Asks: 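Mind looking over this structure? Questions follow.
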Amino acid sequence: EISDLKEQFNQAKKKDSKLGGIFDLDKSFDRLNELKKESSKPEFWNINENASVILKQISRLEKEIFLWKDLKQRHDDVEILFEFAEEGGI
């Protein structure tokens, strides 16, 4: 039944929104921008170990941000599908 699926989806979405509070996307995005600015400085490669750590942090943050954005897009898509189903469009 569509209404049961929609209820399960809404419960899962509430759990995800709580996780979103733990993983602050705005803060992650700000940190990513700071690190990218740092990596663009001419002296960035003077200490290879530090540069490597920063590049790993950039990579991790980019992946995290992508995953959260992708999850949100998928949620939005499912909500639209539920609307179509309720209106008899599917």
Side-chain angles (χ1 to χ4, degrees):
E1 183 85 34
I2 294 293
S3 60
D4 292 337
L5 288 173
K6 187 173 182 180
E7 179 60 31
Q8 290 175 355
F9 171 76
N10 286 332
Q11 289 175 2
K13 187 175 180 180
K14 287 177 187 176
K15 289 179 185 178
D16 287 344
S17 68
K18 289 178 184 177
L19 289 175
I22 295 169
F23 302 106
D24 186 346
L25 276 184
D26 290 335
K27 187 176 180 179
S28 294
F29 191 72
D30 291 344
R31 181 67 179 144
L32 177 62
N33 286 333
E34 289 173 14
L35 292 172
K36 283 186 173 185
K37 285 179 187 175
E38 183 72 25
S39 70
S40 68
K41 292 180 180 177
E43 67 275 5
F44 177 72
W45 289 104
N46 289 351
I47 303 175
N48 285 337
E49 293 87 22
N50 290 347
S52 178
V53 168
I54 289 173
L55 291 176
K56 286 178 184 177
Q57 289 176 345
I58 288 172
S59 177
R60 182 187 55 80
L61 285 168
E62 287 175 335
K63 288 176 187 174
E64 179 182 301
I65 290 167
F66 172 80
L67 290 172
W68 279 104
K69 285 183 176 183
D70 184 56
L71 180 61
K72 174 155 181 10
Q73 182 61 51
R74 289 172 188 257
H75 274 155
D76 293 347
D77 292 346
V78 170
E79 285 179 338
I80 290 169
L81 289 173
F82 278 128
E83 288 175 22
F84 283 144
E86 288 174 339
E87 294 172 3
I90 294 181

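By convention here, the first residue in the shown sequence is residue 1. As the structure is a computational prediction, the values presented were derived from the model and not from experiment.
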Asks: Taking the six-membered ring for Trp, are His75 and Phe9 parallel (under 30°), tilted (30 to 60°) or perpendicular (over 60°)?
Replies: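 Rings of His75 and Phe9: perpendicular, as their planes differ by over 60°.
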Asks: Could you see if Leu71 belongs to whatever hydrophobic cluster contains Phe29? Use Ile, Leu, Val, Met, Phe, Trp, Tyr and a side-chain cutoff under 4.5 Å.
Replies: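 Leu71 and Phe29: one cluster.
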Asks: To the nearest 0.5 Å, how far apart are CG in Asn33 and CD1 in Ile58?
Replies: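 Separation between the atoms: 10.0 Å.
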Asks: Roughly how far, to the nearest 0.5 Å, is the CD atom of Glu49 from the CD1 atom of Ile54?
Replies: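 Rounded to the nearest 0.5 Å, the CD1-CD separation comes to 12.0 Å.
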Asks: I'd like to know if the side chain of Ser39 and the backbone of Lys36 have a donor-acceptor N/O pair within less than 3.5 Å.
Replies: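 Yes, Ser39 side chain to Lys36 backbone: donor-acceptor pair under 3.5 Å.
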Asks: To the nearest 0.5 angstrom, please state how far the CG atom of Asn46 sits from the NZ atom of Lys41.
Replies: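 The CG atom of Asn46 sits 12.0 Å away from the NZ atom of Lys41.
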Asks: Take atom CG in Leu67; do more than 12 heavy atoms of anything else shown fall under 6.0 Å from it?
Replies: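 Yes, because the 6.0 Å sphere around CG of Leu67 holds more than 12 heavy atoms from other groups.
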Asks: Quick one: are Arg31 and Glu34 in side-chain contact, heavy atoms under 4.5 Å?
Replies: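 Touching, per the 4.5 Å side-chain cut-off.
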Asks: Establish whether Ile47 and Val53 are linked, either directly or via other cluster members, by ILVMFWY side-chain heavy-atom contacts under 4.5 Å.
Replies: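 No; tracing contacts between hydrophobic side chains, which count when under 4.5 Å, never links both residues.
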Asks: Taking atom types as modelled and ignoring hydrogens, do the side chains of Asp77 and Gln73 form a donor-acceptor contact shorter than 3.5 angstrom?
Replies: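 The criterion, which ignores hydrogens and geometry beyond distance, is satisfied for Gln73 and Asp77.
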Asks: What are the two closest heavy atoms between Trp45 and Leu55, and how far apart are they?
Replies: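 That closest heavy-atom pairing would be CH2-CD1, 3.3 Å.
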Asks: Please report the C-alpha distance between Lys69 and Lys72 in whole Å, then the side-chain angles of each, then the deciding distance to 0.1 Å, and finally whether the side chain to side chain contact (heavy atoms under 4.5 Å, CB included) criterion is met.
Replies: CA-CA 5 Å; Lys69 285 183 176 183; Lys72 174 155 181 10; 5.8 Å; no
Asks: I need the Asp76 CG to Leu81 CG distance, nearest 0.5 Å.
Replies: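 CG of Leu81 is found 11.0 Å from CG of Asp76.
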Asks: I'd like to know if the side chain of Ser28 reaches the main chain of Asp24, judged simply by a donor and an acceptor atom lying under 3.5 Å from each other, with no hydrogens or angles considered.
Replies: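 Present.
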Asks: To the nearest 0.5 angstrom, please state how far the CD atom of Gln57 sits from the OG atom of Ser52.
Replies: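 It comes to 10.0 Å.
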Asks: Looking only at heavy atoms, what is the nearest atom pair of Leu35 and Leu61, with distance?
Replies: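 Heavy atoms of Leu35 and Leu61 come nearest at CD1-CD1, 3.7 Å.
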